[in-house]
Amino acid sequence: EQWEMAYGGPYWDSAQSIRSTADGGYIVTADNGSYEGPGEDSAYWVLQLDAEGAVRWQRIYNIGFYAYNSEIQGIGGGNYFFSGEYGGVWIMELDGGGDVEWQRSYRGITYFPHVMPLRSGDGYIASGPQLTGSDMSFISLFRIDAEGNPSWERHYGAEGHTVGGSLVEMPDGGLVLVGGTESAGAGMTDGLILKTDPAGNISPTCLLNMPVETPLTVTETSASPVDSAETAVSVTTRNDEPEIVVSETFAEVRTICSAP
C-alpha cells in the first residue's frame, strides 16, 4: 500500500532520517520549529509510526540550541540510538517509548556528524569535520563506549581543509572514512578515502596523520522528553518523470600513503 503524509505544526518542521522497525512501522527524527515558535531554536523531534504512517508516539527534546541533522538507529532490546548536530554532537540512547536512558554532548565535531554503532555492540564511532579557523579544518574521529564515555580520539588533516563524510566498519574492525581534502591530490579539493585500524590509527608517515591538540569536550546533558501532539495529514504530491542527463566522468587516483 502506498501513502503520503505530512507531519508538523505552523512553523518550520522537517524530517531528517527514517528507519524501519521490527513490527513493520517506522522511527523518524525531525527538526521541530513549531515547539518554540518563530525566531526560536528548533528542537529534536522523534516519532514512531505504524505501517500506514499513523503516529504511535512522538516526543520533543529541547536542548536549548538550534538542533538539526539528526539520525536514529535501533540497537536491540527495543532501544534506539539518536545523534544530532548543534555545533557539536548530541547523543542519546532512548528506550522503546522515547524516554532517555543516557545523553551526552561532545564538542569536537563542528558540523555534519556521522555516528554509528559498532558491530560488537559495545560502543559507537563518530566522525566529522572540526573547524580551526577560516583556512583550516580536519577530520575528528572518536569512539565512545555503550554508556557514552570516550575511549579514544583521532584527528586527520594537514594544511588547508580536510572534511569527513560518512564511515563504515569493516569485518576486520578497521574503519573506512570518506571526505575531501585540499592537502593532497590533483588540486583544489579532491575526494578522500581513508582506511584506519580498529583504533583509528593510520601510518605515522601519512601526510594526514596529526596529533590531537584540541581534545574532545564531553558534557552531561539534561534534555527531558516532552510529549508532542502534531497530527499526520494525508497529502498528494506531484509525480513527474525526471529528466536525467548521464555524462562520462573521469578521476585520477592518487595514493597519499600506504599501510606500513
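Keep in mind that the numbers below use all heavy atoms, side chains included, and drop hydrogens, waters and symmetry copies.
- Looking at heavy atoms from C-beta onward, I75 lies in side-chain contact with Y124 at the 4.5 angstrom threshold.
- With a 4.5 Å cut-off on side-chain heavy atoms, R59 and V226 do not count as touching.
- In the hydrophobic cluster analysis, where Ile, Leu, Val, Met, Phe, Trp and Tyr join through side-chain heavy atoms closer than 4.5 angstrom, Y86 is grouped together with M92.
- With values rounded to the nearest 0.5 angstrom, H155 atom NE2 is found 12.0 Å from N209 atom CG.
- A donor-acceptor pair is defined here as one N or O able to donate and one able to accept, closer than 3.5 Å; no such pair exists between the side chain of W90 and the backbone of A67.
- Judged purely by distance below 3.5 Å, without hydrogens or angles, the side chains of T196 and N201 never pair a donor atom with an acceptor atom.
- Contact check for W45 versus Y61: no side-chain heavy atoms found under the 4.5 Å cut-off.
- Checked against side chain to side chain donor-acceptor pair (under 3.5 Å), S127 has no partners two or more places apart in sequence or in another chain.
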Query raised in the report: Could you walk me through whether S34 and D13 pass the side-chain hydrogen bond (donor to acceptor under 3.5 Å, both in side chains) check?
Result: CA-CA 7 Å; S34 296; D13 306 308; 2.7 Å; yes
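- With sequence neighbours excluded, no residue satisfies side chain to side chain donor-acceptor pair (under 3.5 Å) with T219.
- E71 contributes no side-chain N or O that, together with a main-chain N or O of S83, makes up a donor-acceptor pair within less than 3.5 Å.
- Checking side-chain atoms of R56 against main-chain N and O of L47 turns up no donor-acceptor pair under 3.5 Å.
- At least one side-chain heavy atom of I139 sits under 4.5 Å from a side-chain heavy atom of L177.
- To the nearest 0.5 angstrom, S42 atom OG is 15.0 Å from Y11 atom OH.
- Side-chain contact check for S70 versus D31: some heavy-atom pair is nearer than 4.5 Å.
- Every residue meeting the side chain to side chain donor-acceptor pair (under 3.5 Å) condition with Q48, not counting sequence neighbours, appears here in chain and number order: W57, Y80.
- Under a 3.5 Å cut-off, the side chain of E182 and the backbone N or O of T189 do not form any donor-acceptor pair.
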Query - Residue pair I91, F81: steps toward the side chain to side chain contact (heavy atoms under 4.5 Å, CB included) verdict - result: CA-CA 8 Å; I91 293 177; F81 177 76; 3.2 Å; yes
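- Within a 6.0 Å radius of CH2 in W12, other residues, nucleotides and ligands contribute 12 heavy atoms or fewer.
- Between the CD1 atom of I125 and the CD1 atom of I144 there is a distance of 9.0 Å, given to the nearest 0.5 Å.
- Between A43 and I60 the shortest heavy-atom distance is CB-CG2, 3.8 Å.
- The CD1 atom of I63 sits 11.0 Å away from the OG atom of S222 when rounded to the nearest 0.5 Å.
- Taking hydrophobic clusters as Ile, Leu, Val, Met, Phe, Trp and Tyr residues chained together by side-chain heavy-atom distances below 4.5 Å, V178 does not share a cluster with L192.
- Here the OG atom belonging to S140 is positioned 11.5 Å from the CG atom belonging to L131, to the nearest 0.5 angstrom.
- F142 and I202 are not part of a single hydrophobic cluster, where members link through side-chain heavy atoms under 4.5 Å apart.
- Using modelled atom types and a 3.5 Å distance limit, the side chains of D227 and Q58 yield no donor-acceptor pair.
- Checking side-chain atoms of Y7 against main-chain N and O of V55 turns up no donor-acceptor pair under 3.5 Å.
- Among residues two or more places apart in sequence or in another chain, the side chain to side chain donor-acceptor pair (under 3.5 Å) test is passed with Y68 by E85.
- Using a 4.5 Å cut-off on side-chain heavy atoms (C-beta onward), L94 and D99 make no contact.
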Below 3.5 Å, can you tabulate the donor-acceptor pairs from side chains in residues 164-171 to any protein atom, sequence neighbours excluded?
| unit_1 | atom_1 | unit_2 | atom_2 | d |
| --- | --- | --- | --- | --- |
| E169 | OE1 | R119 | N | 2.8 |

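- No side-chain donor-acceptor contact under 3.5 Å links T221 and S105.
- In this structure, the side chains of Q73 and R19 come closer than 4.5 Å at one or more pairs of heavy atoms.
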Requested in this report: Could you check F82 against V46 for side chain to side chain contact (heavy atoms under 4.5 Å, CB included), going step by step and ending with a plain yes or no?
Outcome: CA-CA 9 Å; F82 174 99; V46 177; 3.9 Å; yes
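- For Q103 (side chain) and A223 (main-chain N/O), a donor-acceptor pair under 3.5 Å exists by modelled atom type.
- A donor atom on one side chain and an acceptor atom on the other are not found under 3.5 Å apart for E147 and W102.
- In the hydrophobic clustering of ILVMFWY residues, with side-chain heavy atoms under 4.5 Å counting as a link, V89 and W152 come out apart.
- Listed by chain and residue number, nothing satisfies the salt bridge (charged side-chain N to carboxylate O under 4.0 Å, His left out) test with D95 (two or more places apart in sequence, or in another chain).
- With contacts defined as side-chain heavy-atom distances shorter than 4.5 Å, the pair Y106/T217 does not qualify.
- Scanning both residues, S137 and H161, for their nearest heavy atoms gives OG-ND1, 2.9 Å.
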Report task. Take Q130 and I109 through the side chain to side chain contact (heavy atoms under 4.5 Å, CB included) test and state the conclusion after the steps. Result -> CA-CA 5 Å; Q130 182 176 149; I109 294 174; 5.9 Å; no
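- Between R143 and D122 there is a salt bridge, since at least one side-chain N of the basic residue sits less than 4.0 Å from a carboxylate O of the acidic one.
- Atoms CG and OG, on N32 and S14 in that order, are 10.5 Å from each other to the nearest 0.5 Å.
- When the side chains of ILVMFWY residues are joined at heavy-atom separations under 4.5 Å, either directly or via intervening members, L208 and L141 end up in a single hydrophobic cluster.
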